[in-house]
*Asks:* 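Next up is a structure, given as structure tokens.
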Amino acid sequence: MGTHIIYIFLLCIGASFIQRTTGFGFGIFIMTMLPFLLPSYGEATTLSGLLALTTSAAISYRLRKVVSWRRLIPILLTFIAVSALAVFSLRSIDDSLLRRILGVVLVFASLYFIFLSSRIHIRPTLPFQVTAGAVSGVLGGFFGMQGPPAVLYFISSEPDNEHYMAIAQTYFFLGNLAMTFFRAGNGFLTPAVGWSYLYGIGGVIIGTTVGSRVYRHIPSAALKYIVYSYIGISGIIVFFTA
């Protein structure tokens with residue numbers, strides 16, 4: 001158990017650092033190892049969501065004045081509805097094949113946006129918002145990895161780094177809060193999750209603090225390519241750890 005505590009603490013540092021510098025990625029990073037440290041996959045996604053919620057809470061509160069609720073509400077409500085269905089289906093689905101498919105999709109999405117991003121101009125229209133929210137809900141409910149679809153939408157539709165970070169972190173905070181209730185109702189919020197959360201919270205604070213200092217020095221033009229590249233790396237990690 002002592003070794004597990006150390007692993008969870010270190011994973012939280014790395015995941016929080018990534019979340020703070022790129023605006024997403026907490027679940028993708030931590031879920032490569034967390035299922036091996038918790039009694040069940042459902043409990044791992046629950047812990048990941050709770051820790052990610054904590055990571056996003058302070059950032060979303062600090063940037064709350066620049067959040068565009070008009071652009072956030074449609075994608076958020078779609079995400080909540082779809083993720084609820086995914087969470088309640090989790091017990092009956094073998095996730096290995098789905099995770100491999102997810103890995104391939106992330107890699108191709110990354111390559112597509114890296115090489116064609118200058119031609120992509122996503123407007124905050126309802127069809128884009130609903131589509132991104134639905135795909136994000138599926139990935140969040142099943143894998144605790146709701147970031148990539150929403151991030152691809154946010155980073156293409158928001159005017160600058162601050163607006164991007166504000167809307168993304170508010171989305172993750174409220175989305176993870178909703179999924180925590182869904183997972184609790186499905187029996188995944190257990191004492192093991194609670195104790196692991198307490199072990200990991202210190203790592204969250206350290207990773208977020210260090211990441212916030214690094215984030216200030218990332219140029220706006222470079223942020224998109226950092227995000228796209230990390231999505232591709234995440235896809236490779238997910239594929240080979242499925």
Side-chain angles (χ1 to χ4, degrees), residues 8-31 34 45-73 75-77 79-80 83 124 129 132-133 136-137 139-140 144-181 197-198 200-220 222-231 234:
I8 290 172
F9 180 77
L10 294 176
L11 283 170
C12 286
I13 292 176
S16 299
F17 176 83
I18 290 169
Q19 178 83 14
R20 185 62 186 92
T21 51
T22 67
F24 82 112
F26 188 99
I28 294 173
F29 181 86
I30 205 168
M31 284 298 290
L34 212 54
T45 60
T46 303
L47 177 59
S48 172
L50 277 172
L51 291 166
L53 181 158
T54 305
T55 304
S56 300
I59 306 169
S60 60
Y61 178 78
R62 184 172 62 82
L63 298 176
R64 66 191 183 282
K65 293 182 179 179
V66 297
V67 174
S68 172
W69 291 99
R70 180 179 59 82
R71 293 196 291 271
L72 175 61
I73 291 297
I75 183 173
L76 178 64
L77 292 181
F79 166 78
I80 290 174
S83 66
Q129 292 166 331
S136 182
L139 300 187
M145 301 179 184
Q146 64 266 37
V151 162
L152 290 175
Y153 165 72
F154 290 140
I155 203 166
S156 299
S157 61
E158 294 303 303
D160 54 45
N161 279 14
E162 186 176 50
H163 283 82
Y164 159 71
M165 189 62 68
I167 198 171
Q169 296 312 303
T170 303
Y171 173 81
F172 292 132
F173 169 67
L174 295 176
N176 278 311
L177 183 62
M179 281 201 296
T180 296
F181 285 108
Y197 175 83
L198 293 178
I201 197 66
V204 167
I205 294 171
I206 293 172
T208 302
T209 301
V210 176
S212 65
R213 295 179 180 178
V214 174
Y215 175 76
R216 297 190 194 109
H217 302 288
I218 300 176
S220 296
L223 181 61
K224 287 187 178 183
Y225 290 96
I226 292 173
V227 170
Y228 298 150
S229 298
Y230 183 66
I231 289 174
S234 302

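By convention here, the first residue in the shown sequence is residue 1. The structure presented is a predicted model; accordingly, all values stated were derived computationally and were not measured.
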*Asks:* My understanding is that only residues two or more places apart in sequence, or in another chain, count here; which of them pass side-chain contact (heavy atoms from CB on, under 4.5 Å) with Thr170?
*Replies:*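 Ser60, Val67, Trp69, Leu72, Leu174.
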
*Asks:* To the nearest 0.5 Å, how far apart are CD1 in Ile155 and NE2 in His163?
*Replies:*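 Interatomic distance, Ile155 CD1 to His163 NE2, rounded to 0.5 Å: 14.5 Å.
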
*Asks:* Could you tell me the separation between the CZ atom of Arg20 and the CD atom of Gln169, rounded to the nearest 0.5 Å?
*Replies:*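 These two atoms lie 7.5 Å from each other.
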
*Asks:* Check the pair Tyr153, Ile167 against side chain to side chain contact (heavy atoms under 4.5 Å, CB included), reporting the backbone distance first and the verdict last.
*Replies:* CA-CA 11 Å; Tyr153 165 72; Ile167 198 171; 5.7 Å; no

*Asks:* So which heavy atom on Ile30 is nearest to which on Ser48, and how close?
*Replies:*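 Shortest heavy-atom separation between Ile30 and Ser48 comes out as CG2-OG, 3.5 Å.
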
*Asks:* If you look at every heavy atom in Phe9 and Gly203, which pair is closest and at what distance?
*Replies:*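 Answer, listing the atom of Phe9 first, then Gly203: CE1-N, 3.3 Å.
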
*Asks:* Name all pairs fulfilling the salt bridge (Lys or Arg N to Asp or Glu O under 4.0 Å) condition that reach into residues 150-159, sequence neighbours left out, sorted by first residue then second.
*Replies:*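 Non-adjacent pairs meeting salt bridge (Lys or Arg N to Asp or Glu O under 4.0 Å): Arg71-Glu158.
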
*Asks:* Phe154: which residues meet the ring-ring contact (aromatic ring centres under 6.0 Å, His included) condition with it, sequence neighbours left out?
*Replies:*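 Partners of Phe154 under the ring-ring contact (aromatic ring centres under 6.0 Å, His included) test: Tyr171.
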
*Asks:* Shortest non-hydrogen contact from Ile80 to Ala178?
*Replies:*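 Closest pair (atom of Ile80, atom of Ala178, distance): CG1-CB, 4.0 Å.
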
*Asks:* Let me see the working for Tyr215 and Asn161 under side chain to side chain contact (heavy atoms under 4.5 Å, CB included), right down to the final yes or no.
*Replies:* CA-CA 10 Å; Tyr215 175 76; Asn161 279 14; 3.3 Å; yes

*Asks:* Would you check if there is a donor-acceptor pair between the side chains of Gln146 and Ser136 at a distance under 3.5 Å?
*Replies:*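 Looking only at side-chain atoms, Gln146 and Ser136 do not form any donor-acceptor pair under 3.5 Å.
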
*Asks:* Return the CG to CD1 distance between Leu34 and Ile8, rounded to the nearest 0.5 Å.
*Replies:*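 Result: 6.0 Å between the selected atoms.
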
*Asks:* Do you know the tightest heavy-atom contact between Cys12 and Leu51?
*Replies:*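 Cys12 and Leu51 have their closest heavy atoms at SG-CD1, 3.5 Å.
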
*Asks:* Tell me the closest heavy-atom pair linking Gly175 and Leu76, and the distance in Å.
*Replies:*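 In terms of heavy atoms, the two residues are closest at N-CD1, 3.9 Å.
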
*Asks:* What residues form a side-chain contact (heavy atoms from CB on, under 4.5 Å) with Leu77, not counting sequence neighbours?
*Replies:*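 Residues passing side-chain contact (heavy atoms from CB on, under 4.5 Å) with Leu77: Ile73.
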
*Asks:* Might you work through the side chain to side chain contact (heavy atoms under 4.5 Å, CB included) test for Gln19 and Ser56, ending with a clear yes or no?
*Replies:* CA-CA 8 Å; Gln19 178 83 14; Ser56 300; 3.6 Å; yes

*Asks:* State which residues pass side-chain contact (heavy atoms from CB on, under 4.5 Å) with Ser83; sequence neighbours excluded, sorted by chain then number.
*Replies:*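 With neighbours one apart ignored, the set is Phe79, Met179, Phe182.
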
*Asks:* Do you know the tightest heavy-atom contact between Thr55 and Phe26?
*Replies:*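 Nearest heavy atoms, Thr55 then Phe26: OG1-CE1, 3.5 Å.
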
*Asks:* Here's a test for you: under side-chain contact (heavy atoms from CB on, under 4.5 Å), which of Asn176, Thr180, Ile201 qualifies with Leu50?
*Replies:*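 The single option meeting the side-chain contact (heavy atoms from CB on, under 4.5 Å) with Leu50 is Thr180.
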
*Asks:* At what distance, to the nearest 0.5 angstrom, does CD of Glu162 lie from NZ of Lys65?
*Replies:*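 Answer for the CD-NZ pair, Glu162 versus Lys65, is 11.5 Å.
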
*Asks:* Listed by chain and number, what are the side-chain contact (heavy atoms from CB on, under 4.5 Å) partners of Ala57, not counting sequence neighbours?
*Replies:*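 Listed in chain order: Phe173.
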
*Asks:* So does Ile18 get a backbone contact from the side chain of Thr21, meaning a donor-acceptor N/O pair under 3.5 Å?
*Replies:*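 Yes; judged by distance alone, with no hydrogens or angles, the pair exists.
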
